[in-house]
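Contents: one structure, followed by commentary.
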Amino acid sequence: MALVAHPSSPSHHRQSPLITRRTTYQRLNSSISQTTSLPQTNTSTKYQLLLLQQLTSLCQSKQSLPQALTFLQQQNPHHETLDSLQRKEAIGLLLQACGRYQDIETGREVHRMVASSTLFHNDVVITTRLITMYSMCDSPLDSRLVFDGLEKKNLFQWNAMVSGYSRNKLYEEALRAFIELVLQTDFKPDNFTFPCVIKACGGILDVRLGQGVHGMTAKLGLLGDVFVCNALIAFYGKCGLVDEAVKVFDFMSEKNLVSWNSMICVFAENGFAQEGLRLFSEMIKCEKSFVPDVASLVTILPVCAGEGNLEMGMVFHGLAVKLGLNQELMVKNALLDMYSKCGCLSHAKGLFDKDNNKNVVSWNTMIGGFATQGDARGTFYLLRKMQVEGREKTNEVTILNVLPVCLERSELLCLKELHAYSIRHGFHYDQLVANAFIAAYAKCGSLCSSQLMFNGMETKTVSSWNALIGGYAQNGAPRKALEFYLQMINSGINPDRFSLGSLLLACSHMKSLRFGKEIHGYLIRIGLETDPFIVISLLSLYIRCGKSASARVLFEEMENKSLVSWNALIAGYSQIGLPDEALVLFRQMLSDGIQPDEISINSVFRACSQLSALRLGKEAHCYALKAYLAEDIFVGCSIIDMYAKSGCIEQARRVFEKSRNKDVALWNAIIVGYGLHGYGKEALGLFEKMLAFGMKPDGFTFVGILMACCHSGLVEEGLKYFNDMQNFHGITPKLEHYACIVDMLGRAGRLDESLRLVNEMPDEPDAGIWSSLLSSCKTFNALDIGTKVAEKLFELEPNKAENYVLLSNLFAASGKWDDVRRVRQKMKEIGLQKDAGRSWIELGGKVHSFMAGNTSFTGSKQMQNMWRRLEEKIRKIGYKPNTNSALHELAEDEKIEVLRGHSEKQAICVGLLRTSKGETLRINKNLRICVDCHNAAKLISKVVEREIVIRDNKRFHHFRNGCCSCGDYW
């Protein structure tokens, strides 16, 4: 925007630029005319050469191009200035400079000067350079106008036109111009025509057309031309035909550095990283010993980045320094990208801070590096610093690099600021930016803002719909995702693989097998059922809907099982409570030669946690260490979780203490571990230590803290931390936090307070909260409150057997046997069956499972004999069967017999029979341990002088020397 100076301002008294320029040219001409010392015979020639040199000098910068034009216009044709050939050369130089610096306005002035000249308006060289200048200034329409206005056209002008279209990515127009050249003229395309045409074929990814053009070059004998072959290599690489590119490369009799760079680029872009590195080495060692240039390094460094190969990347950094290329801007940006993607952000930051010649790509790369690491604070700091320094303006790529860091509700304010900034600068009109904002708002929990962003878009592409549908599907609103999918179909837009993948995810969250099967059928009809991305979504659907057999069939039918597909099924088995199947599948994956990654090993640790399989977990830990997977933060958390849930909290603490980078997730894992074991004071001590280290707790941290207080009876402390979470840490309580408080108050017998909190919650309580409260009512025989709570629970989950069992146990504990029979009859009518009590123990690397009342397994006689001996011993020190734990309408002796068959007693007996003296027994149980088994386990630990660790469905119990870690508070 032009600025008008105030009359009183100093600029008002300055000379105009035109006067200044004229004075400069007068002085220049004066100085040239004073060269009287030159011999008279050569004065005119040398004078003209000086003029051309001066013009060439002015063409070296964009700012001087208007001066160069004025200088050319002021040459007096009546004096011995420039002859026609030199004037033609001068015009050509100026046009080339206008194209190089994209100064279209000066170029247009030159065009007007040429058009008014009878001498040059049809000159072949000048008109060719006019066509090229306009195409380089991103104005192919002007190029075409010049081209169409020519009286006669030669091959150079045709080539310039084809090249211009190709340069501006108007590939179809380039191909149409080529067809016109071939069909309507007698010119034969040459080695300048074909590279542009081949590039156009690659631009539209038309393999057959490209192969046809390849055949034409062969017929015309141009396959010996290095430029044509280089273009063919790039074309085949872009189309994914790596073997064809290799054939062209190997066929070439003469290769230049561009040939090698092109072939390395083909390998890099098609996932053949090792081949790319090998070829780079060959290039240096070949007969001609090519010296890598900027393009070589810019091609090979992203290979190192993609592989995460920091060591090799540093080697190429050293090579760049040795060749003096490390100060080249493109190389510096490639180094920033490499270090960022190899996880060495501090090194990248060091290079970035030392660089005084940054461009917008430098800033974008560094911002993207911080965003990829999930460092929201660092990302926004760099963005603000970029604006403050003001040398480089942000662009759409900047915004796209920042948005991935907006993943949490806590980043919503920053996201809105970024959105406002984008609106002010017009970035929100870009489709990619708008779609990214839709996704970001959804991830930050603001689905209404996501929808408003979508509604405000003038043109909605399938990608826009995908962003909205995916946002709703991934963020807790699957039904909305389904609604918007139907709207998309009704608007006439056909879904793509991403639309259908999001739809399958929505069905998974809703556990809607019927809708999922319909989509599966549609995928089969349109031929997308074998798409790897879709297959993974289908696996997740069937797993979440409890159809693990269907998922396994789908998996086995896959021709090429990727690591992602193995991970999906292993994780799926683990998530739906089939840990044995998860471990079997993991072993099969290893035997098939598939190397696991962090996701695979996380699923294995989860399966070991579910089984409390300590030995298997230790083996997995050793494998993770050998495979260098244990350094990953999430794997570290899984290892701590596995040891904690296998009853070995001391080993979990050792892993935590040895971890180098203790982030919030790692602190959360160990705090939750102590909470599960009922070591409340230790958990609170860790929390205070975490704060002292400057770590910022999140919602998961407080889940662990509140759980620890709940299992340890630290009610007042729990309420204090619940208030601190909101008032001092700014964290809004979610359902899981309220669930902990409700459970904590209920266990302490403060049922009225617990119920009041449930009724005053800002969110609607879920079934888990009502179930927890009903369980507390059973513990304290609060029949009136319990029946009201049960009504609420049945409204939310009318077909869950566990809820009816809780109510039945409440009635049984109060001696209301008629009500017990009524509840059990209701269960029969609905078709529900109570889950049998199960326990399991790991012995010699094998998990043994036991079911309450089942004494038909191998070794049951020895187990029963062991129990008789144990019962005799513990009766002597005070054991008396607690028949209140047998919630059946039976005689006392029958109740005692039922208690003897409880699954944890079976597991203890078998464990004692098959383990060495003094060895700790670790047992897992699917239900809450009853009072009788709890009392028995305490006394058994004393008479056998062993530690017995039992994990029920709520917490851990460590039985030592007649006492339990829970202090009889569970």
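Contacts of Leu323 classified as side chain to side chain contact (heavy atoms under 4.5 Å, CB included), with partners at least two apart in sequence or in another chain: Val291, Pro292, Leu319, Leu325. For Lys349, the salt bridge (charged side-chain N to carboxylate O under 4.0 Å, His left out) partners two or more places apart in sequence, or in a different chain, are Asp353. For Phe380, there are no ring pair (Phe, Tyr, Trp, His ring centres under 6.0 Å) partners two or more places apart in sequence or in a different chain. For Asp597, the side chain to side chain contact (heavy atoms under 4.5 Å, CB included) partners at least two apart in sequence or on another chain are Leu563, Asn567, Ile599, Ser600. In this structure His428 satisfies the ring pair (Phe, Tyr, Trp, His ring centres under 6.0 Å) test with no other residue, sequence neighbours excluded. Looking at residues two or more places apart in sequence or on another chain, you find a salt bridge (charged side-chain N to carboxylate O under 4.0 Å, His left out) between Asp531 and Arg497. Scored by the side-chain hydrogen bond (donor to acceptor under 3.5 Å, both in side chains) test, Asn435 finds Ser464 as partners (sequence neighbours excluded). The side-chain hydrogen bond (donor to acceptor under 3.5 Å, both in side chains) test applied to Glu631 returns no partner, not counting sequence neighbours.
The stretch residues 319-336 participates, sequence neighbours left out, in these salt bridge (Lys or Arg N to Asp or Glu O under 4.0 Å) pairs: Lys332-Asp355. Residue pairs meeting the salt bridge (Lys or Arg N to Asp or Glu O under 4.0 Å) criterion with at least one member in residues 187-212: none, sequence neighbours excluded. Every pair passing salt bridge (Lys or Arg N to Asp or Glu O under 4.0 Å) that includes a residue from residues 368-384 is listed here, sequence neighbours excluded: Arg384-Glu417. Sequence neighbours left out, the pairs with a member in residues 160-177 that pass salt bridge (Lys or Arg N to Asp or Glu O under 4.0 Å) are Glu173-Arg176.
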